[in-house]
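Let me begin by presenting the structure, written as C-alpha coordinates, before commenting on it.
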Amino acid sequence: SSLPVAVNGQFVANSNHSDLCRGRGLANMHLPSDFPGVRNGWGRRGALHLSEGIGMTVLWIAEYLALGAFAGFFAGMLGIGGGLVLVPALTLMFAAQGQFPTGETLHMALGTSMASIIFTAIASIRTHHNHRAILWDVVKTITPGILLGTGLGTLFASSVPARPLAVFFTFFVCGVALQMALNLKPKPTRELPGSLGIAGVGMGIGVLSSLVAIGGGSLTVPFLTWCNVRVQSAIGTSAAVGLPIALGGTLGYVFNGWGQTGLPAGSLGYVYLPVLAILVMATIVTAPFGARLAHRLPVATLKRLFAGILI
(Lines give C-alpha, C1' and ligand atoms only; values in the text may rest on other atoms or scores of the structure.)
Protein backbone atom coordinates (compact mmCIF):
# COMPACT_ATOMS: atom_id res chain seq x y z
CA SER A 1 0.00 0.00 0.00
CA SER A 2 1.05 3.62 -0.48
CA LEU A 3 1.80 5.85 2.44
CA PRO A 4 2.27 9.62 2.61
CA VAL A 5 5.86 10.63 3.29
CA ALA A 6 7.05 13.89 4.79
CA VAL A 7 10.60 15.27 4.92
CA ASN A 8 11.42 18.12 7.32
CA GLY A 9 7.72 18.35 8.08
CA GLN A 10 6.69 18.82 4.43
CA PHE A 11 4.53 16.30 2.56
CA VAL A 12 6.47 15.25 -0.52
CA ALA A 13 5.15 11.99 -1.96
CA ASN A 14 3.44 8.66 -1.56
CA SER A 15 5.72 5.66 -1.18
CA ASN A 16 5.17 1.94 -1.08
CA HIS A 17 5.09 0.51 2.45
CA SER A 18 7.26 -2.50 1.63
CA ASP A 19 9.83 -0.28 -0.06
CA LEU A 20 10.00 1.93 3.01
CA CYS A 21 10.57 -1.07 5.22
CA ARG A 22 13.48 -2.10 3.01
CA GLY A 23 14.84 1.42 3.01
CA ARG A 24 14.13 1.95 -0.71
CA GLY A 25 11.09 4.17 -0.52
CA LEU A 26 12.93 7.47 -0.29
CA ALA A 27 15.10 6.63 -3.27
CA ASN A 28 12.09 5.63 -5.39
CA MET A 29 9.71 8.43 -4.66
CA HIS A 30 9.13 11.50 -6.84
CA LEU A 31 9.81 14.84 -5.22
CA PRO A 32 8.00 18.01 -6.25
CA SER A 33 10.12 20.36 -8.32
CA ASP A 34 9.86 23.14 -5.73
CA PHE A 35 11.09 20.94 -2.85
CA PRO A 36 14.29 22.42 -1.30
CA GLY A 37 17.30 20.63 -2.69
CA VAL A 38 15.62 19.51 -5.90
CA ARG A 39 15.53 23.03 -7.29
CA ASN A 40 19.10 23.59 -6.05
CA GLY A 41 20.41 20.55 -7.86
CA TRP A 42 20.67 18.36 -4.79
CA GLY A 43 18.63 15.87 -6.68
CA ARG A 44 16.77 12.80 -5.86
CA ARG A 45 19.80 10.66 -5.64
CA GLY A 46 21.76 12.71 -3.13
CA ALA A 47 18.58 13.78 -1.46
CA LEU A 48 17.59 10.84 -0.28
CA HIS A 49 20.38 8.84 0.80
CA LEU A 50 19.83 10.80 3.98
CA SER A 51 20.10 7.80 6.25
CA GLU A 52 23.44 6.93 4.70
CA GLY A 53 24.59 10.49 5.27
CA ILE A 54 23.65 10.30 8.94
CA GLY A 55 25.37 6.94 9.25
CA MET A 56 28.54 8.33 7.72
CA THR A 57 28.46 11.30 10.06
CA VAL A 58 28.20 9.03 13.08
CA LEU A 59 31.06 6.94 11.72
CA TRP A 60 33.29 9.98 11.27
CA ILE A 61 32.46 11.19 14.78
CA ALA A 62 33.38 7.79 16.19
CA GLU A 63 36.67 7.79 14.28
CA TYR A 64 37.59 11.28 15.44
CA LEU A 65 36.73 10.38 19.02
CA ALA A 66 38.94 7.29 18.81
CA LEU A 67 41.77 9.34 17.32
CA GLY A 68 41.46 11.98 20.03
CA ALA A 69 41.41 9.35 22.76
CA PHE A 70 44.53 7.67 21.40
CA ALA A 71 46.45 10.92 20.87
CA GLY A 72 45.42 12.33 24.25
CA PHE A 73 46.48 9.21 26.13
CA PHE A 74 49.97 9.13 24.63
CA ALA A 75 50.33 12.91 24.90
CA GLY A 76 49.63 12.72 28.63
CA MET A 77 51.89 9.73 29.14
CA LEU A 78 54.87 10.95 27.09
CA GLY A 79 54.55 14.76 27.07
CA ILE A 80 54.63 15.04 23.27
CA GLY A 81 51.48 17.08 22.67
CA GLY A 82 49.84 14.60 20.32
CA GLY A 83 50.64 16.28 17.01
CA LEU A 84 52.96 13.42 16.06
CA VAL A 85 49.85 11.21 15.91
CA LEU A 86 47.18 13.73 14.96
CA VAL A 87 48.70 15.48 11.93
CA PRO A 88 49.17 12.45 9.64
CA ALA A 89 45.85 10.93 10.74
CA LEU A 90 43.88 14.16 10.25
CA THR A 91 45.50 14.75 6.87
CA LEU A 92 44.29 11.35 5.65
CA MET A 93 40.84 11.71 7.21
CA PHE A 94 40.27 15.23 5.87
CA ALA A 95 41.30 14.08 2.40
CA ALA A 96 38.91 11.12 2.63
CA GLN A 97 36.01 13.37 3.64
CA GLY A 98 36.51 15.38 0.48
CA GLN A 99 35.14 18.68 1.77
CA PHE A 100 38.50 20.45 2.09
CA PRO A 101 40.35 22.20 -0.75
CA THR A 102 43.13 19.87 -1.93
CA GLY A 103 45.87 22.39 -1.35
CA GLU A 104 44.70 23.24 2.17
CA THR A 105 44.20 19.78 3.65
CA LEU A 106 47.57 19.68 5.41
CA HIS A 107 47.18 23.24 6.71
CA MET A 108 43.79 22.35 8.17
CA ALA A 109 45.25 19.22 9.79
CA LEU A 110 48.15 21.19 11.28
CA GLY A 111 45.94 24.01 12.57
CA THR A 112 43.30 21.71 14.04
CA SER A 113 45.95 19.51 15.66
CA MET A 114 47.73 22.53 17.14
CA ALA A 115 44.48 23.87 18.61
CA SER A 116 43.65 20.51 20.20
CA ILE A 117 47.06 20.44 21.90
CA ILE A 118 46.02 23.49 23.96
CA PHE A 119 43.35 21.47 25.72
CA THR A 120 45.42 18.29 25.88
CA ALA A 121 48.28 20.19 27.50
CA ILE A 122 46.00 21.78 30.11
CA ALA A 123 44.56 18.38 31.03
CA SER A 124 48.05 16.83 31.23
CA ILE A 125 49.56 19.74 33.19
CA ARG A 126 47.01 19.44 35.99
CA THR A 127 47.86 15.79 36.56
CA HIS A 128 51.64 16.21 36.28
CA HIS A 129 51.54 19.25 38.57
CA ASN A 130 49.62 17.28 41.19
CA HIS A 131 52.49 14.76 41.08
CA ARG A 132 55.01 17.62 41.44
CA ALA A 133 56.57 16.55 38.17
CA ILE A 134 56.86 19.94 36.42
CA LEU A 135 60.06 21.99 36.68
CA TRP A 136 58.44 25.41 36.38
CA ASP A 137 61.78 27.26 36.44
CA VAL A 138 62.83 25.29 33.36
CA VAL A 139 59.47 25.96 31.69
CA LYS A 140 59.85 29.71 32.19
CA THR A 141 63.41 29.66 30.83
CA ILE A 142 63.14 27.29 27.89
CA THR A 143 59.77 28.42 26.50
CA PRO A 144 60.87 31.86 25.20
CA GLY A 145 63.83 30.21 23.48
CA ILE A 146 61.62 27.64 21.79
CA LEU A 147 59.15 30.30 20.64
CA LEU A 148 61.95 32.47 19.26
CA GLY A 149 63.58 29.49 17.58
CA THR A 150 60.29 28.46 16.01
CA GLY A 151 59.88 31.92 14.53
CA LEU A 152 63.44 31.91 13.18
CA GLY A 153 62.99 28.45 11.73
CA THR A 154 59.95 29.50 9.72
CA LEU A 155 61.96 32.39 8.24
CA PHE A 156 64.80 30.13 7.09
CA ALA A 157 62.69 27.12 6.12
CA SER A 158 62.60 27.96 2.42
CA SER A 159 66.38 28.50 2.16
CA VAL A 160 67.53 25.36 4.02
CA PRO A 161 68.07 22.31 1.74
CA ALA A 162 65.38 19.83 2.69
CA ARG A 163 67.13 16.54 1.90
CA PRO A 164 70.35 17.04 3.93
CA LEU A 165 68.29 18.36 6.83
CA ALA A 166 65.97 15.36 6.70
CA VAL A 167 68.92 12.94 6.63
CA PHE A 168 70.61 14.67 9.57
CA PHE A 169 67.39 14.76 11.58
CA THR A 170 66.63 11.09 10.87
CA PHE A 171 70.02 9.96 12.18
CA PHE A 172 69.78 12.32 15.13
CA VAL A 173 66.34 11.09 16.21
CA CYS A 174 67.32 7.45 15.69
CA GLY A 175 70.34 8.02 17.92
CA VAL A 176 68.17 9.60 20.61
CA ALA A 177 65.61 6.79 20.32
CA LEU A 178 68.33 4.13 20.58
CA GLN A 179 69.76 5.78 23.69
CA MET A 180 66.34 5.82 25.36
CA ALA A 181 65.37 2.32 24.22
CA LEU A 182 68.59 0.88 25.69
CA ASN A 183 68.14 3.04 28.81
CA LEU A 184 71.68 4.36 28.49
CA LYS A 185 72.31 6.63 31.43
CA PRO A 186 74.17 9.96 31.19
CA LYS A 187 77.15 10.79 33.39
CA PRO A 188 76.01 11.13 36.99
CA THR A 189 77.64 14.56 37.20
CA ARG A 190 75.76 16.03 34.25
CA GLU A 191 73.24 18.70 35.22
CA LEU A 192 70.99 21.21 33.55
CA PRO A 193 72.90 24.22 32.17
CA GLY A 194 72.29 27.75 33.44
CA SER A 195 69.45 29.98 32.30
CA LEU A 196 71.24 31.15 29.15
CA GLY A 197 72.17 27.60 28.27
CA ILE A 198 68.60 26.36 28.69
CA ALA A 199 67.27 29.27 26.62
CA GLY A 200 69.86 28.49 23.92
CA VAL A 201 68.87 24.83 23.84
CA GLY A 202 65.24 25.93 23.64
CA MET A 203 66.04 28.08 20.62
CA GLY A 204 67.76 25.14 18.94
CA ILE A 205 64.76 22.90 19.67
CA GLY A 206 62.42 25.54 18.24
CA VAL A 207 64.45 25.97 15.03
CA LEU A 208 64.76 22.25 14.40
CA SER A 209 61.12 21.59 15.28
CA SER A 210 59.85 24.18 12.82
CA LEU A 211 62.18 23.05 10.02
CA VAL A 212 61.14 19.40 10.21
CA ALA A 213 57.56 19.97 11.45
CA ILE A 214 57.63 18.13 14.77
CA GLY A 215 56.51 19.09 18.24
CA GLY A 216 59.02 20.47 20.70
CA GLY A 217 58.28 17.67 23.17
CA SER A 218 59.97 15.14 20.91
CA LEU A 219 63.28 16.88 21.64
CA THR A 220 62.58 18.47 25.05
CA VAL A 221 62.12 15.16 26.86
CA PRO A 222 65.38 13.60 25.53
CA PHE A 223 67.31 16.78 26.40
CA LEU A 224 66.03 16.85 29.98
CA THR A 225 66.65 13.15 30.58
CA TRP A 226 70.17 13.59 29.13
CA CYS A 227 70.69 16.18 31.88
CA ASN A 228 69.71 13.61 34.56
CA VAL A 229 66.19 14.95 35.03
CA ARG A 230 63.87 12.19 36.17
CA VAL A 231 61.92 10.97 33.12
CA GLN A 232 58.52 11.68 34.72
CA SER A 233 59.60 15.25 35.44
CA ALA A 234 60.94 15.58 31.90
CA ILE A 235 57.54 14.48 30.54
CA GLY A 236 55.60 16.82 32.83
CA THR A 237 57.86 19.75 32.01
CA SER A 238 57.56 19.04 28.29
CA ALA A 239 53.75 19.01 28.58
CA ALA A 240 53.86 22.43 30.26
CA VAL A 241 56.19 23.81 27.58
CA GLY A 242 53.75 22.60 24.93
CA LEU A 243 50.94 24.89 26.10
CA PRO A 244 52.39 28.30 25.11
CA ILE A 245 53.76 26.78 21.90
CA ALA A 246 50.29 25.48 21.03
CA LEU A 247 48.69 28.84 21.86
CA GLY A 248 51.11 30.73 19.63
CA GLY A 249 50.89 28.18 16.85
CA THR A 250 47.09 28.16 16.89
CA LEU A 251 46.93 31.95 16.63
CA GLY A 252 49.29 31.72 13.66
CA TYR A 253 47.13 29.17 11.85
CA VAL A 254 43.98 31.19 12.54
CA PHE A 255 45.63 34.35 11.22
CA ASN A 256 47.18 32.75 8.14
CA GLY A 257 43.97 30.98 7.18
CA TRP A 258 41.69 33.95 7.80
CA GLY A 259 39.85 34.90 4.62
CA GLN A 260 40.99 31.85 2.65
CA THR A 261 38.30 30.87 0.18
CA GLY A 262 36.90 27.37 -0.17
CA LEU A 263 37.35 26.31 3.44
CA PRO A 264 34.40 24.35 4.89
CA ALA A 265 31.81 25.93 7.14
CA GLY A 266 32.95 25.88 10.75
CA SER A 267 36.54 26.83 9.94
CA LEU A 268 38.32 29.47 12.00
CA GLY A 269 41.24 30.15 9.71
CA TYR A 270 42.98 26.80 9.37
CA VAL A 271 41.30 25.40 12.50
CA TYR A 272 38.29 23.20 11.75
CA LEU A 273 36.08 23.73 14.80
CA PRO A 274 33.67 20.74 14.45
CA VAL A 275 36.53 18.24 14.45
CA LEU A 276 38.39 20.21 17.12
CA ALA A 277 35.37 19.92 19.44
CA ILE A 278 35.19 16.15 18.91
CA LEU A 279 38.91 15.66 19.46
CA VAL A 280 38.89 17.76 22.62
CA MET A 281 36.00 15.78 24.12
CA ALA A 282 38.21 12.70 23.95
CA THR A 283 41.66 14.14 24.68
CA ILE A 284 40.69 15.89 27.91
CA VAL A 285 39.40 12.55 29.22
CA THR A 286 42.32 10.32 28.20
CA ALA A 287 45.25 12.72 28.70
CA PRO A 288 45.00 12.62 32.53
CA PHE A 289 44.87 8.81 32.41
CA GLY A 290 48.06 8.77 30.35
CA ALA A 291 49.71 11.26 32.69
CA ARG A 292 48.81 9.18 35.75
CA LEU A 293 50.16 6.04 34.08
CA ALA A 294 53.46 7.82 33.43
CA HIS A 295 53.97 8.04 37.19
CA ARG A 296 53.32 4.34 37.70
CA LEU A 297 55.37 2.78 34.91
CA PRO A 298 59.04 1.90 35.40
CA VAL A 299 61.51 4.43 33.95
CA ALA A 300 62.91 1.91 31.45
CA THR A 301 59.43 1.15 30.12
CA LEU A 302 58.62 4.83 29.67
CA LYS A 303 61.86 5.41 27.80
CA ARG A 304 61.20 2.47 25.46
CA LEU A 305 57.68 3.74 24.75
CA PHE A 306 59.04 7.19 23.99
CA ALA A 307 61.69 5.70 21.72
CA GLY A 308 59.02 3.76 19.86
CA ILE A 309 57.00 6.94 19.26
CA LEU A 310 60.11 8.72 17.94
CA ILE A 311 60.91 5.94 15.50
For [X] and [Y], which heavy atoms make the closest approach, and how far apart are they?
X    : Y    : result
A294 : H128 : CB-CE1, 4.4 Å
G111 : V271 : O-CG2, 3.6 Å
Y272 : T112 : N-OG1, 3.0 Å
T237 : S233 : OG1-O, 2.7 Å
A239 : A121 : O-CB, 3.8 Å
L147 : P244 : CD2-O, 4.1 Å

Looking at [atom1] of [X] and [atom2] of [Y], how far apart are the two atoms once the value is rounded to the nearest 0.5 Å?
X    : Y    : atom1 : atom2 : answer
T150 : M203 : OG1   : CE    : 10.5 Å
I284 : T120 : CD1   : OG1   : 9.0 Å
S267 : W258 : OG    : CH2   : 11.0 Å
T127 : I122 : OG1   : CD1   : 12.5 Å
L110 : T91  : CG    : OG1   : 6.5 Å
C227 : I198 : SG    : CD1   : 8.0 Å

Please check: side-chain N/O of [X] versus main-chain N/O of [Y], any donor-acceptor pairing under 3.5 Å?
X    : Y    : value
H107 : Y253 : no
T250 : A246 : yes
T105 : F94  : no
T283 : G72  : no

What residue pairs, at least two apart or across chains, pass salt bridge (charged side-chain N to carboxylate O under 4.0 Å, His left out) with a residue in residues 133-145? D137-K140
Same hydrophobic cluster for [X] and [Y], using side-chain heavy-atom links shorter than 4.5 Å among ILVMFWY?
X    : Y    : value
I61  : F100 : yes
L276 : I117 : no
L273 : V87  : yes
L92  : M108 : no

Between [X] and [Y], is any pair of side-chain heavy atoms under 4.5 Å apart?
X    : Y    : result
L247 : L251 : no
R292 : H131 : yes
S116 : L86  : yes
L78  : F73  : no
N228 : L192 : no
Y64  : P274 : no
I125 : I134 : yes
V138 : V229 : no

Just checking [X]: does its [atom1] atom have more than 12 heavy atoms from other residues, nucleotides or ligands closer to it than 6.0 angstrom?
X    : atom1 : result
R190 : CZ    : yes
E191 : CD    : no
R132 : CZ    : no
W136 : CH2   : yes
H129 : NE2   : no

Going by side-chain contact (heavy atoms from CB on, under 4.5 Å), M77 matches just one of I235, L302, T286. Which one?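 The side-chain contact (heavy atoms from CB on, under 4.5 Å) with M77 is passed solely by L302 among I235, L302, T286.
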Walk me through it: do W60 and M93 pass the test side chain to side chain contact (heavy atoms under 4.5 Å, CB included)? CA-CA 9 Å; W60 279 118; M93 294 168 79; 3.9 Å; yes
Determine, step by step, whether F289 and V285 satisfy the side chain to side chain contact (heavy atoms under 4.5 Å, CB included) criterion, reporting the C-alpha distance in whole Å, the side-chain angles of both residues, the deciding distance to 0.1 Å, and the verdict. CA-CA 7 Å; F289 282 106; V285 173; 4.2 Å; yes
